[in-house]
Protein chains: 2
Amino acid sequence: MEIVLSTHLPAADIAPKTLHQAMRYAVLEGGKRVRPLLAFAAGEITQAQPERVEIAAAAVELIHAYSLVHDDMPAMDNDVLRRGKPTCHVEFGEATALLVGDSLQTLAFDLLASHTLNDNAQQQLHMIKILANASGSRGMAGGQAIDLASVGVAISLPELEFMHIHKTGALIRAAVLLGAHCGQLDPAQIEKLDHYAKCVGLAFQVVDDILDASAPTAILGKTAGKDAADNKPTYVSLMGMTEAKSLAASLHQDALLAIQGFEHNQRLREMADFIIQRTF
Amino acid sequence: MEIVLSTHLPAADIAPKTLHQAMRYAVLEGGKRVRPLLAFAAGEITQAQPERVEIAAAAVELIHAYSLVHDDMPAMDNDVLRRGKPTCHVEFGEATALLVGDSLQTLAFDLLASHTLNDNAQQQLHMIKILANASGSRGMAGGQAIDLASVGVAISLPELEFMHIHKTGALIRAAVLLGAHCGQLDPAQIEKLDHYAKCVGLAFQVVDDILDASAPTAILGKTAGKDAADNKPTYVSLMGMTEAKSLAASLHQDALLAIQGFEHNQRLREMADFIIQRTF
């Protein structure tokens, strides 16, 4: 995945150099690549060509990376550490970080439009729509807006879930769906894959909250305990640690159930396991 | 055009409401709509269906609007007035303005992927690529990066031109090309339309610099004389007013020459005239 991302990012010696260096800094060397791995795992279900899934996976990861760059900026979360390195605006300044996020988003759509991802161009247009819906004001960016509005406010568990379904869940669903759409998709599979993705996406966030409340900064590669310090609602703060862990386990089971019976589902099962058991 | 934009922007009463209100604020009621008008004028050359050009025009205008929102932010130009109103971050806060720009960009690609713009889906994918190339780090956003790097630095006329070709020229070219691509495009026309668009795009910027140096804020709807105050290089500061006016006139002539002999070129000719003769 690193090679794919590196190949499709603009070279650091092409003008404007600082912008391109900063784009590469924000994307390469770091990140768990959960979304690309999910895209590949879903692509196995539909027997998609790996070199097509690669592009879809890279596009989703670029959207994710852009959201982190903008989310870390002082106007938003004001975070200084990401993937064990200074955040993009700390390293390159706020103006460049703003343009980095903007340009990474554009590059994601550029990739989806510039490479053959499916023999059916109409299906490929549909894939672009999936990514746009997942990323925009009714998806990821909308989730961030809800997140902003909920800082320091007493929100309920359903409201927290609504926020995460948008903020992180939408893009994780897009990763699974885009990977699958690179292959021969059986319409009956879409709903089940989508349910798997919803469970895994929510579980991912619950585990994130558990780790944020318990793991040290050195292991996370980002500032630990920051949500609590920022007075942000989390699954742990609303449910307690024990209940949060039990919710994660139950989402894990639901995810596995959704893809039970699919051929070639081993990697999707492994991804569900990884998302629950990860320690960073 | 206002109705098209209003229809395709998320309604202000759909959650997240503040984000959607701010997106509408940033796009509606204001703006010269030069890019949409150019898309329509180019669509006449290829006899494109107006309801298709509408979508392409809206997508380009959304990219333009997103760039203004981000460009006006304190980390960039720190401008407080745009289209006669407080800028988006002044009205809604920086965090929301950041998400507004992000979401408007996503919506632009969403529109191009969600509507039929050409009977040939492959051609439609190519259109998405055109918009992405024009907007990204080797287009508009790259131009802004070069602009940032040139504040307070003595740059030459070719460097200024290189910056503007990216910062404003690329999206104006995309507007013309996307409008034309909604219809039956004769490959021989593309190069000429592209040359027209390059001339008009550069002329637009030269006239912008002339107006910035001479027109009052009340007429411009944005802070006049700001480039000079910010020590930004302009055509007027590098060439002087007389030479800048003569460059604009010569680009105007070149633009008209490029489309000479095209059928249905009246609106393109009018747009070239408007861009040179405008007073705001």
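Just so it is clear: chains get the letters A, B, ... in the order the sequence lines come, proteins before strands, and each one is counted from 1.
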With a 4.5 Å cut-off on side-chain heavy atoms, are [Y] and [X] touching?
| X | Y | result |
| --- | --- | --- |
| B:Phe109 | A:Leu112 | no |
| A:Leu131 | B:Asp110 | no |
| A:His115 | B:Lys129 | no |
| A:Glu94 | B:Met73 | no |
| A:Leu99 | B:Leu148 | yes |

Partner of A:Ser135 under side-chain contact (heavy atoms from CB on, under 4.5 Å), picked from B:Leu107, B:Thr106, B:Asp102, is B:Thr106

Distance col, row B:Leu125:CG vs A:Ile128:CD1, nearest 0.5 angstrom, shows 5.0 Å

Report the distance from atom CG of B:Leu98 to atom CD of A:Gln144, rounding to the nearest 0.5 Å.
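It is 8.0 Å, given to the nearest 0.5 Å.
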
**Request:** Pick one of side chain, backbone, both or neither for A:Ser137, based on which atoms fall under 4.5 Å of a heavy atom in chain B.
**Result:**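 Both parts, heavy atoms under 4.5 Å.
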
Part of A:Met23 within contact of chain B (heavy atom distance under 4.5 Å):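 A:Met23 touches chain B through side-chain heavy atoms alone.
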
For this session: Select, from A:Met76, A:Arg138, A:Met127, A:His70, the one with the greatest count of heavy-atom pairs under 4.5 Å involving chain B.
Result: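 Sorted descending by pairs with chain B, the first entry is A:His70.
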
When A:Gln122, A:His89, A:Gln124, A:Lys17 are compared by non-hydrogen pairs under 4.5 Å with chain B, the top option
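Ranked by heavy-atom pairs under 4.5 Å with chain B, first place is A:Gln124.
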
| said: For a quick test of reading the model, state the closest non-hydrogen atom pair linking B:Ala95 to A:Ala75 and the distance between them. | reply: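 Here B:Ala95 and A:Ala75 meet closest at CB-O, 3.2 Å.
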
Please determine whether the number of non-hydrogen atoms from other residues, nucleotides or ligands lying under 6.0 Å from atom CD of B:Glu2 exceeds 12. yes

